[in-house]
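Quick notes on the structure that follows.
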Amino acid sequence: MSLLRLIPVLALIVACTPQDVPPPARSAQFDNFPKRLFDTFEISCDGPGEHFKNTGNRVFECTEFLPPDTTAFLILNYDGYPQDLPKSVMRLTTTKNNSGYRVDAELYFNVPRRSGPSVKVPVESETLDKALGALYQALGGSPA
């Protein structure tokens, strides 16, 4: 096989390789308490069907009602209770450590059930992880 035939393949590999993209992370380390991060999180959680709450000393949460098709899917697949609709939950928790403050993000669907505890269905999203990593870096954090 000649070298000329490999050039298009190498060009394709290089083109598909991420360039200067922050690594996906749901956690970050900050030197100081990341007040701007939590202020931004609170301000961004003010849309229709969204609710912000500070659930603890250093726990911040945004809940949101879901589109009808997602709601129906979760109710049917996780034995949900239609009178108490599932919601998406994004929770940011900060912990003081020797290096400053660590922030951990958790994203899941909370599906209430008629009997028994609610089900937490984790949400895996590479797009979300990249967006969180970029936000952390923009506000002075480094992926942890």
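These numbers come from the heavy atoms of this one structure, side chains and all, not from hydrogens, waters or symmetry mates.
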Is there a ring pair (Phe, Tyr, Trp, His ring centres under 6.0 Å) between F60 and F38 once you walk through the steps? CA-CA 7 Å; F60 304 85; F38 296 118; 4.2 Å; yes
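- Residues R26 and V123 come closest through the heavy atom pair NH2-O, 2.8 Å.
- Summarising the geometry of P112 relative to P86, their closest heavy-atom pair is CD-CA, 3.9 Å, with the distance given to 0.1 Å.
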Should T63 and K53 be marked as a side-chain contact (heavy atoms from CB on, under 4.5 Å) after you check the CA-CA gap, both sets of side-chain angles, and the distance that decides it? CA-CA 8 Å; T63 59; K53 118 175 124 166; 5.8 Å; no
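- A single hydrophobic cluster is not seen to contain both I75 and V89; linkage of ILVMFWY side chains at heavy-atom distances under 4.5 Å, directly or through other members, places them apart.
- Side-chain contact check for P34 versus V103: some heavy-atom pair is nearer than 4.5 Å.
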Would Y101 and F33 count as a ring pair (Phe, Tyr, Trp, His ring centres under 6.0 Å) if you check the C-alpha gap in whole Å, the side-chain angles of each, and the deciding distance to 0.1 Å? CA-CA 6 Å; Y101 293 86; F33 184 78; 5.4 Å; yes
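- With hydrophobic clusters built from ILVMFWY side chains whose heavy atoms lie under 4.5 angstrom apart, L107 shares a cluster with F41.
- Interatomic distance, OG1 of T70 versus NZ of K87, reported as 15.5 Å (0.5 Å rounding).
- For the atom pair C45 SG and E61 CD, the distance stands at 9.0 Å (nearest 0.5 Å).
- Placement of V111 and L66 within a single hydrophobic cluster is found when ILVMFWY residues are connected by side-chain heavy-atom separations under 4.5 Å, directly or transitively.
- The CZ atom of F30 lies 8.0 Å from the OG atom of S142; values are rounded to the nearest 0.5 Å.
- Remark: side-chain polar atoms of E50 are paired, donor with acceptor, to backbone N or O of D46 under 3.5 angstrom.
- From M90, atom CE reaches atom CG of L132 across 4.0 Å, with rounding to the nearest 0.5 Å.
- Using modelled atom types, no side-chain atom of Y78 and backbone atom of K120 make a donor-acceptor pair closer than 3.5 Å.
- Clustering ILVMFWY residues whenever any of their side-chain heavy atoms sit less than 4.5 angstrom apart, transitively, puts V119 in the very cluster that holds F73.
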Stepwise side-chain hydrogen bond (donor to acceptor under 3.5 Å, both in side chains) test for E42 and N54: CA-CA 9 Å; E42 181 176 4; N54 185 343; over 6 Å; no
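- Nearest heavy atom pair, residue Y108 against residue P122, reads CB-CA, 4.0 Å.
- Across all their heavy atoms, L85 and T71 have their closest contact at CD2-CG2, 3.9 Å.
- Nearest heavy-atom pair, D79 versus R113, reported as atom, atom and distance to 0.1 Å: O-CG, 3.2 Å.
- To the nearest 0.5 angstrom, T94 atom OG1 is 13.0 Å from K35 atom NZ.
- Y136 and V59 fall into different hydrophobic clusters, where Ile, Leu, Val, Met, Phe, Trp and Tyr are joined by side-chain heavy atoms under 4.5 Å apart, directly or via other members.
- D104 pairs by the side chain to side chain donor-acceptor pair (under 3.5 Å) definition with S27, R102, not counting sequence neighbours.
- For the pair T95 and R58, the minimum side-chain heavy-atom distance is 4.5 Å or more.
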